[in-house]
Enquirer: 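One structure coming up, written as structure tokens, with questions to follow.
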2 protein chains.
Amino acid sequence: MESTEPTEPISLFDALTSFDALWSPRIVTTVNDYDVRVAKVEGEHLWHTHDHTDEFFLVIEGELHISLREPSGERTVVLPQGSVFTVPRGTEHKPYAPARAAILVLEPTGTLTVGDRHDEIPDHVDATTGHALA
Amino acid sequence: MESTEPTEPISLFDALTSFDALWSPRIVTTVNDYDVRVAKVEGEHLWHTHDHTDEFFLVIEGELHISLREPSGERTVVLPQGSVFTVPRGTEHKPYAPARAAILVLEPTGTLTVGDRHDEIPDHVDATTGHALA
């Protein structure tokens with residue numbers, strides 16, 4: 001569905017103050033058939049895999065760790081504020097934030113936060129394709 | 001071409017200190033068939049149109065103005081640091097930075113900085129599909 005309404009810029013800081021839920025992304029804008037989402041995060045997400053898409057992370061505030069199960073073994077990458085990383089499609093991964101952080105994620109519209117294959121979903125993780133901004 | 005080399009996170013701040021050219025984006029990572037590019041900008045870009053793709057902007061440092069020629073007329077949106085905006089495909093637009101700024105742009109790999117239709121390209125604008133990071 002395309003909108004013909006002129007749109008305005010969105011402040012990521014304003015977007016982040018509009019909700020409190022952790023691991024529950026909000027869609028701030030779309031680019032073709034991709035969503036740009038922001039999320040507040042803290043603690044562990046879960047091991048999951050997107051079989052058909054890469055997933056892009058940008059750390060807006062705080063620090064994000066992403067554990068990766070690659071053919072060569074398991075490792076964890078650390079993203080300080082202002083860093084970016086792309087998890088390749090098919091790579092099992094688990095995000096983790098040692099303290100409250102905020103991230104921007106880019107992925108195709110409809111992509112589930114828990115991927116196509118995943119561990120049991122803990123109560124504190126929202127299995128969603130992203131929520132509209134309030 | 002897919003790489004099987006494990007990749008590391010990239011600091012956008014480090015990426016931005018690795019080059020000086022204005023309006024000359026560097027590709028920091030790819031997401032499926034999209035590029036994530038960063039650019040230093042100052043002064044005027046040029047009126048141009050991407051006929052087949054939206055273009056996403058995020059302001060990392062400074063302030064970016066984007067003038068837009070929409071069916072309802074011409075307007076300029078202002079993006080302070082930390083703001084995002086998507087220029088819809090087919091919309092003629094001209095970015096402008098009143099002072100030195102840094103932006104992140106997302107668009108399909110191969111997208112030209114000057115679009116499919118554009119004004120005469122001034123000397124200070126690099127017509128490119130993006131450069132590799134040094």
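Letters go in sequence order (proteins before strands), and every chain restarts at 1.
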Enquirer: Please output the residues of residues 26-50 of chain A in contact with chain B, using a heavy-atom cutoff of under 4.5 Å, in numerical order.
Expert: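 Near chain B, by residue number: A:Val28, A:Thr29, A:Thr30, A:Val31, A:Asn32, A:Asp33, A:Tyr34, A:Val36.
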Enquirer: Would you list the pairs meeting salt bridge (Lys or Arg N to Asp or Glu O under 4.0 Å) in which at least one residue belongs to residues 118-132 of chain B, sequence neighbours left out?
Expert: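 Every pair satisfying salt bridge (Lys or Arg N to Asp or Glu O under 4.0 Å) with a residue in residues 118-132 of chain B: there are none.
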Enquirer: Can B:Leu22 be reached from B:Val59 by stepping across I, L, V, M, F, W or Y side chains whose heavy atoms are under 4.5 Å apart?
Expert: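 Result: yes, single cluster for both.
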Enquirer: Would A:Ile10 and A:Phe13 show up in the same hydrophobic cluster when neighbours are defined by side-chain heavy atoms closer than 4.5 Å?
Expert: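 Yes, A:Ile10 and A:Phe13 fall within the same hydrophobic cluster.
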Enquirer: Measure distances from A:Leu68 to the heavy atoms of chain B and classify the residue's part below 4.5 Å as side chain, backbone, both or neither.
Expert: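 Answer is neither: A:Leu68 stays 4.5 Å or more from chain B.
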Enquirer: Select one option (side chain, backbone, both, neither) describing which atoms of B:Leu58 are under 4.5 Å from chain A's heavy atoms.
Expert: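 B:Leu58 touches chain A through side-chain heavy atoms alone.
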Enquirer: So for B:Glu8, is it side chain, backbone, both, or neither that comes closer than 4.5 Å to the heavy atoms of chain A?
Expert: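 Contact with chain A: backbone and side chain both.
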Enquirer: Linking I/L/V/M/F/W/Y whenever any side-chain heavy atoms sit under 4.5 Å apart, do A:Phe56 and A:Leu16 land together?
Expert: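 The answer is yes; both residues are in one hydrophobic cluster.
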Enquirer: Quick check: under 4.5 Å, non-hydrogen atoms only, which of residues 91-118 of chain A neighbour chain B?
Expert: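 Near chain B, by residue number: A:Leu104, A:Leu106, A:Pro108.
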Enquirer: Should B:Phe57 and B:Trp23 be counted in the same cluster of Ile, Leu, Val, Met, Phe, Trp and Tyr side chains packed under 4.5 Å apart?
Expert: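 Cluster IDs for B:Phe57 and B:Trp23 match.
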Enquirer: Has B:Asp51 got more than 12 heavy atoms of other residues, nucleotides or ligands less than 6.0 Å from its CG?
Expert: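 More than 12 within 6.0 Å, yes.
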Enquirer: Identify every side-chain donor-acceptor pair in residues 76-85 of chain B under 3.5 Å, counting partners at least two apart or on other chains, and give the distances.
Expert:
from	atom 1	to	atom 2	distance (Å)
B:Thr76	OG1	B:Ser67	OG	2.8
B:Gln81	NE2	B:Ile60	O	3.4
B:Ser83	OG	B:Pro80	O	3.2

